[in-house]
Student: 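Dumping the structure here so I can ask a few things about it.
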Amino acid sequence: MATDTENVSEKDASFQLRGGTFSLMVLKLLDAASDTLFAKLGDKVRQAPNFFRNAPVVLDLDGLPGNELVDFADLKARFRELGLITLAVQGGIHRHQEAALRAGLPLVPVSGRSNKLDTTARPDTPAAATPKAANRHGAPAPARAGQEATGRPAMVINEPVRSGRQIYAQGGDLVVTAMVSAGAELLADGHIHVYGALRGRALAGLAGDTSARIFCLSLEAEMVSISGLYRVNEDIPPAIFKKPAQIYLKDGYLSLDPFSDRFSGNS
Amino acid sequence: MGQIIVMTSGKGGVGKTTSSAAFATGFALRGHKTVVIDFDVGLRNLDLIMGCERRVVFDFINVINGESKLHQALIKDKKVDNLYILPTSQTRDKDALTKEGVEKVMEELRKEFEFIICDSPAGIEKGALMALYFADQAIIVTNPEVSSVRDSDRILGMLAARSRRAELGLEPVVEHLLLTRYDPYRVERGEMLNVDDVLEILAIPLLGVIPESREVLRASNVGMPIILDDESNAGQAYADAVGRFLGEDIEHRFIKPQKRGLLARLFGRTR
């Protein structure tokens, strides 16, 4: 943030340079020559078309065999046909990185490890797979829990989310410590917590995670949705309306449960 | 340095200009040098409400464009000392409001005035954004009905995200709720939202409740800010709200229907 305040004084500048940190989808290429690569990816895209539409993606080259020749320009074009926009590459060997650069894909540093060129095999990095949807389905390996905890911090919003605002916690949980107004929209690939009244929309498990939940102190939502299954305000039972509640998927149905009064501290 | 206050609402017709005129006059009556600026470019109204429409030569847009000096465009109020009006242009549109131009005028006004009140146009587009951008404090004018409340909520979101203070990461804009056109009788019959309903949704401090009053329209038509009519409930409610804004502890009134007994009726208006 220091850079922000410094730049503010340069009122006459026609541009400002700033650093930014982004959370991006990483697509780990294991076999770029595979015939089924685009068919399989296409299937995945069709499961969550909104998630993938114009989604920026970074290609992880660590899994590519060293002898494979990759046409990155062609890859880029074919990913684009599926909706993805390829931004850059990470990892891999020098030859692949050079080829990527010629196709206009720069090398970005991999967070948490040095980016020096390396041709030796690395220990696998499970978090660098395709979107969360793929990750969180099925029984997670014990190691993965730790990886997610460090790699996907929850997004925390400490102010009221007012009408007209949309917040998306991509790849993780969203925590709001204030109220969410009617006309506001919360989106998260993980859980959504609202420590206030939830009057807007809340869509958890956006990328398909069926284990995602929504928690709120007062359920008055316009709409709640987990992994695509939704209920609108009209369908919220009166007994739970304006009560502390959690919403989750149980046996394929959306379940709206009040928290017991013992914990809620209000009637 | 003067405080910049935006009078805003999102929705139109809720009483922004009436409230801008009342607050500006109220501050000035209490000895604070105040200017009120019309940001509703192309739909110039503030000068009418302030009763100075026949004295407009240069306007806000002329100053922004460097076609006149600020002091040539400022109109000194004839009824109240310390009060100035900066009217806008009726022939231009909101695109004439450039951020650089508005900033230049604001900086100049800050040096000279204690309070600078920006009367925002309705909507959430450029005019409204420019009116709120430089604000230190915001008075959110809301009517006790659901659409007005939702629009106010939207504007509060924009104050928190798109004001200068938000962009620079400074202390957030101080928010005040002014509930106008409040009819306690209709509230009692369940035809209007009550104060608590509105406060629950917007969750910002209540500055004042202005009762619905036919005197407001009459005052507008003769170009006299309603706060100068200390006989009217609305005028008194505005005076209270100005006092609260300045830190005085004044109880809210006009929220409940007045039980007017025989004596009250005989002796006219009471508090």
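Below, read A as the first sequence line, B as the second, and so on, with proteins coming before strands; counting in each chain starts at 1.
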Student: More than 12 non-hydrogen atoms from neighbouring residues, nucleotides or ligands closer than 6.0 Å to CD on E248(B), yes or no?
Tutor: yes
Student: Between A160(B) and chain A, with a heavy-atom cut-off of 4.5 Å, which part of the residue counts as in contact: side chain, backbone, both or neither?
Tutor: neither
Student: Quick check for you: to the nearest 0.5 Å, what is the distance between S181(A) atom OG and L156(B) atom CG?
Tutor: 8.5 Å
Student: Heavy-atom distance under 4.5 Å to chain A: side chain of L159(B), backbone, both or neither?
Tutor: neither
Student: Are there more than 12 heavy atoms of other residues, nucleotides or ligands under 6.0 Å from atom CZ of R162(B)?
Tutor: no
Student: Determine yes or no for a side-chain-to-main-chain donor-acceptor pair under 3.5 angstrom, with R162(A) supplying the side chain and L202(B) the backbone.
Tutor: yes
Student: Measure the shortest side-chain to side-chain distance between R199(A) and E200(B) over non-hydrogen atoms and say whether it is less than 4.5 angstrom.
Tutor: yes
Student: Less than 4.5 Å to any heavy atom of chain A: does that hold for the side chain of E100(B), its backbone, both, or neither?
Tutor: neither
Student: Rounded to the nearest 0.5 Å, how far does OG of S163(A) lie from CG of D151(B)?
Tutor: 8.0 Å
Student: Closest heavy-atom contact between A182(A) and R150(B)?
Tutor: CB-NH2, 3.5 Å
Student: Does atom OH (Y230(A)) have a neighbourhood of more than 12 heavy atoms from anything else shown, all under 6.0 Å?
Tutor: no
Student: Taking CZ in R165(B) as the centre, count heavy atoms belonging to other residues, nucleotides or ligands within less than 6.0 Å. Is the count above 12?
Tutor: yes
